[in-house]
Number of protein chains: 2
Amino acid sequence: MARFIHPDLKDVPLESMLHALSDPSRLAIVRCLNRNLADGGAGLACNAAVTEELPRATMSNHFTLLRGAGLIESRKKGVSVINRLRRDEVDARFPGLLDAVLGATGQGL
Amino acid sequence: MARFIHPDLKDVPLESMLHALSDPSRLAIVRCLNRNLADGGAGLACNAAVTEELPRATMSNHFTLLRGAGLIESRKKGVSVINRLRRDEVDARFPGLLDAVLGATGQGL
DNA sequence: TCCAATAGTTCAAGATATCCGAACAACGGA
DNA sequence: TCCGTTGTTCGGATATCTTGAACTATTGGA
């Protein structure tokens, strides 16, 4: 099982980040991780960050994509993978983007 | 040839808008239309809003998608279609989003 | 130590979406 | 009316996404 790859945010194009955020399931995960971060949490396991019922393979793909877009950092902890939103780094790379996305209302949240 | 469909912004989910913006060609179009708007322009024909060389069918698809996401308004003018960024409405619906997206730097612009 | 349970990953195939050439429609000008 | 221009539509090729099944890694208990 390969180690997780976490890109430097400066190498992440805006398009990749927007694409990662443009899926309802992934957006829900990001919202969830953002709440956890705001609450001083240490991150969430994949299954704990997913609200809806989702096939495991699909969930795994979503997390891989979020990692690839620089949105989350993942580390193995026992049998789980703990995920953390890279809030500060994303904010530094794309100022205001996460604020706008996470602050948006209507249409399911 | 069917008339253009312009959704009410309140019916546009954030995911659709992010998806529309997550493509390099479409993002370039939006940037172009934003400049035109800032310069007091009356909008741009499809081919004038596209920087790179792009097949016509592909270009048409991109504009249809941008319209469907509520990002642009299109009207027929002679043989052309004039497109305008729906800046104010998008800003009202998703405050700060376009600022963040259009203000982003690095990685090709 | 061995076995079962849990959390995710990987693979591969089917479902979806995107891309783009070719044919077409709409309009303006000569 | 005929032609050139702009963009749309259609359909097939290509790429991406989804997900069941098999697998890996780790923990806890017998």
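Every value quoted in this text rests on a predicted model; they were computed, and no experiment measured them.
In this structure the side chain of L66(A) never reaches within 4.5 angstrom of the side chain of L33(A), judged on heavy atoms. At a threshold of 4.5 Å between non-hydrogen side-chain atoms, the residues R35(A) and C32(A) count as touching. Looking at heavy atoms from C-beta onward, L54(A) lies in side-chain contact with S25(A) at the 4.5 angstrom threshold. By the 4.5 Å heavy-atom criterion applied to side chains, M17(A) and L9(A) are counted as neighbours. Residues R3(A) and K76(A) form a side-chain contact, since some pair of their non-hydrogen atoms from C-beta on lies under 4.5 Å apart.
Atom CD1 of I29(A) and atom P of dG8(C) are 11 Å apart (whole Å). Between N47(B) atom CG and dC27(C) atom C1' the separation is 15 Å, expressed in whole Å. The CG atom of D23(B) sits 13 Å away from the C1' atom of dA17(C) (whole-angstrom rounding). Atom CD in E15(A) sits about 15 Å away from atom P in dT16(D), given to the nearest Å. Between the C1' atom of dT18(C) and the CZ atom of F63(B) lies a distance of 17 Å, rounded to the nearest Å. Here dG8(C) presents its P atom at 7 Å from CD1 of I82(A), a figure rounded to the nearest Å. Put simply, CG on L66(B) is 12 Å from P on dT8(D), counting in whole angstrom units. Spacing between atom NZ of K76(A) and atom P of dT24(D) amounts to 13 Å, rounded to whole angstrom units.
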With a 3.5 Å cut-off and sequence neighbours excluded, list the donor-acceptor pairs that the side chains of residues 77-90 of chain B form with protein atoms.
residue : atom : partner : partner atom : Å
N83(B)  : OD1  : S74(B)  : OG           : 2.7
N83(B)  : ND2  : L44(B)  : O            : 3.1
N83(B)  : ND2  : V81(B)  : O            : 3.3
R86(B)  : NE   : E89(B)  : OE2          : 3.3
R86(B)  : NH1  : P7(B)   : O            : 3.0
R86(B)  : NH2  : P7(B)   : O            : 3.1
R86(B)  : NH2  : E89(B)  : OE1          : 2.8
R87(B)  : NE   : N34(B)  : OD1          : 3.0
R87(B)  : NH1  : D91(B)  : OD1          : 3.0
R87(B)  : NH1  : D91(B)  : OD2          : 3.1
R87(B)  : NH2  : D99(B)  : OD1          : 3.3

Counting only pairs under 3.5 Å, give me each side-chain donor-acceptor contact of residues 57-65 of chain B, with atom names and distances, residues two or more places apart or in other chains.
residue : atom : partner : partner atom : Å
H62(B)  : ND1  : R26(B)  : NH1          : 3.2
T64(B)  : OG1  : S60(B)  : O            : 2.9
T64(B)  : OG1  : R67(B)  : NH2          : 3.4

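Closest to the C46(B) side chain, of the nucleotides dT18(C), dT9(C), dG7(D), is dG7(D). Residue H62(A) places its side chain closer to dT18(D) than to any other of dT5(D), dT18(C), dT18(D).
By the salt bridge (charged side-chain N to carboxylate O under 4.0 Å, His left out) test, D8(B) is found to be paired with K10(B), residues two or more places apart in sequence or in another chain being considered. By the side chain to side chain donor-acceptor pair (under 3.5 Å) test, E53(B) pairs with no residue at all, sequence neighbours left out.
H19(A) has no side-chain polar atom (N or O) that falls below the 4.0 Å cut-off from OP1 or OP2 of dA17(C).
Looking at heavy-atom distances under 4.0 Å, R75(B) makes no contact with the nucleic acid at all. Note on R67(A): only backbone sugar-phosphate atoms sit closer than 4.0 angstrom, heavy atoms only; bases stay farther off.
Looking at residues 49-61 of chain B, you'll see P55(B), A57(B), T58(B), N61(B) sit with a heavy atom under 4.0 Å from some atom of DNA chain C.
Across the helix from dT1(C)-dA30(D) to dA30(C)-dT1(D), the helix axis at one end is tilted relative to the axis at the other end by 10° (nearest 10 degrees, each axis from five pairs).
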